[in-house]
Amino acid sequence: MAAVGATTTTLLLLLLQIPFLIFLNTSAEPLNSHLSSAVPESGNSSAKERIAALANDEATVDWMRRVRRKLHENPELAYEEYETSELIREELDRMGISYRWPVAKTGIVATIGSGEPPFVALRADMDALPIQEMVEWEHKSKVDGKMHACGHDAHVAMLLGAAKVLLQLRDTLQGTVVLIFQPAEEKGNGAKDMIQEGALDKVGAIFGIHVAHVFNAGSVASRPGQFLAGCGSFKAKITGKGGHAAIPQNSIDPIIAASSSVISLQNIVSREADPLDSQVVSVAMINGGNAFNVIPDSATIAGTFRAFSRETFKALRERIKEVIGAQAAVHRCTSEVDFDGKEHPSIPPTVNDPEIYELSRQASVDIVGESNTKVSPSFMGSEDFAFYLEKVPGSFMFVGIRNEKLGAIYPPHNPYFSIDEDALPVGAAVHASFAHSFLSSSTRNSSS
């Protein structure tokens, strides 16, 4: 995702770069109907029952709430998560869990288990947003102009909760669980930086979650294959020759070339793309000249493009460059197209591996039941978790946080965003259930 700039245009571009889930509402059974509060003895229960009970232990739930609320009161932006990272390290130290820090400036990579293969990773992002919180509650953000408006405080609390659960099951872990606490998801760079600094070393699969306001607390949702769209940005400078608007024959007008480019770009999706292969190309900014009677030397257009398949995403990028270049040439101008903007880096599509998806689906069924494990529609929002999925097989999942009675109905990146904290033990249990299941199935497969 991208950083929020000062202008309305930049904010709008950022808002499009999240899972902006506004289309769906689903019902869920009460959370406590699936998670028992009593912790069974290890010899008398299955792993899934123990995980559900441990995650819903009253003391553990209260602890996760305290962690989440402390983070919510003290939000930190991308690559500034120093106090957030310190809090996580303190909790890991209390649990006796070893970790490596700093990774990608403020990130943490911790491990639980045997220290031997197979390795499976669980990921939580940590950064907040430059948004002024408007929710009036006891734990409202104490930092002016900053807010956990995308639920990353909950993600951290859930992963720490999973760590506590897995630590109590460490004697049954048939391998190693890697806990990735990642900075800078909102900038779109955090996952790449974590990968470059070895977060995925030896890892055979990865799982991640994101809270979602369109699914009720107590439910989860995902889908195999294409899940979230890839998101790219482009900025094109079209150069001509300036002059007086009263004698245009002495100029080479970049405004005309830019205008033609904007119109022609719309034809990529409407006339060149398969209607069943969802794509988006939107020009959201145009800038040229500063006087009504002077043709400028250059004009700039910028926008975003989206697609669900990696092939289509790459093809869109090439076609955008071709169209702008051709329209500039037709009008005797030159063009430079930049796809590597630092504020809005390209993020590939989030494509869930079918086998890992199925394993995560079954792990979720074990925790919340079949009826509360949903098949999600695809969304045009983006997530930098996709960078992990380009390196190792994995799956991404939504955890429901909606509760109309609590006012938890607003989408991410909204100043009124809030969550139903009953989702915290669900996220922790699903994390732990997936990791435990993956290690067990990998060991069985390797020995068969």
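Keep in mind that what you see is a predicted model, and the values were worked out from it rather than measured.
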Could you tell me which non-hydrogen atom of [X] sits nearest to which non-hydrogen atom of [Y], and how far apart they are?
X    : Y    : result
C333 : I252 : SG-CG2, 3.6 Å
G208 : H431 : CA-CE1, 4.5 Å
A257 : I238 : CB-CG2, 3.7 Å
M64  : A428 : SD-CB, 3.8 Å
A408 : D420 : CB-N, 3.9 Å
P393 : G204 : CG-O, 3.4 Å

Audit row: Q327, S264, side chain to side chain donor-acceptor pair (under 3.5 Å) steps and yes/no: CA-CA 8 Å; Q327 289 300 318; S264 296; 3.3 Å; yes
Decide yes or no for [X] and [Y]: does some side-chain heavy atom of the first lie under 4.5 Å from some side-chain heavy atom of the second?
X    : Y    : result
E186 : H152 : yes
S360 : M397 : yes
P348 : F387 : yes
I247 : Q249 : yes
I401 : F417 : yes

Intermediate values then yes/no, side chain to side chain contact (heavy atoms under 4.5 Å, CB included), I324 and I301: CA-CA 10 Å; I324 295 174; I301 62 173; 4.2 Å; yes
Donor-acceptor pair, distance only, cut-off 3.5 Å: does the side chain of [X] make one with the backbone of [Y]?
X    : Y    : answer
T350 : F227 : no
H148 : P75  : no
D127 : E185 : yes
D384 : A191 : yes
E81  : Y79  : yes
T304 : G232 : yes
N352 : R223 : yes
S382 : A229 : yes
Q266 : V262 : yes
H331 : D253 : no

Aromatic centroids of F379 and F398 separated by under 6.0 Å: yes
Less than 4.0 Å between a side-chain N and a carboxylate O, is that true for [Y] and [X]?
X    : Y    : answer
D201 : K391 : no
K70  : E73  : no
R361 : E370 : yes
R69  : E421 : yes

Option among D125, L200, V103, I108 that satisfies the side chain to side chain contact (heavy atoms under 4.5 Å, CB included) test with I180: L200
I need the [X] [atom1] to [Y] [atom2] distance, nearest 0.5 Å.
X    : Y    : atom1 : atom2 : answer
E383 : C231 : CD    : SG    : 12.0 Å
I356 : S222 : CD1   : OG    : 12.0 Å
R402 : N216 : CZ    : CG    : 7.0 Å
L71  : R68  : CG    : CZ    : 9.0 Å
S251 : I256 : OG    : CD1   : 11.5 Å
T111 : L166 : OG1   : CG    : 12.0 Å

Side chain to side chain contact (heavy atoms under 4.5 Å, CB included) between Q132 and S141, worked out: CA-CA 8 Å; Q132 182 67 44; S141 172; over 6 Å; no
Any donor-acceptor N or O pair under 3.5 Å, side chains T84, E76: yes
Distance-only polar pair, side chains of N250 and H244, donor-acceptor under 3.5 Å: no
Mutual orientation of the aromatic rings belonging to Y410 and Y416 [parallel < 30°, tilted 30-60°, perpendicular > 60°]: tilted
Whether F339 and F234 hold their rings parallel, tilted or perpendicular, with breakpoints at 30° and 60°: tilted
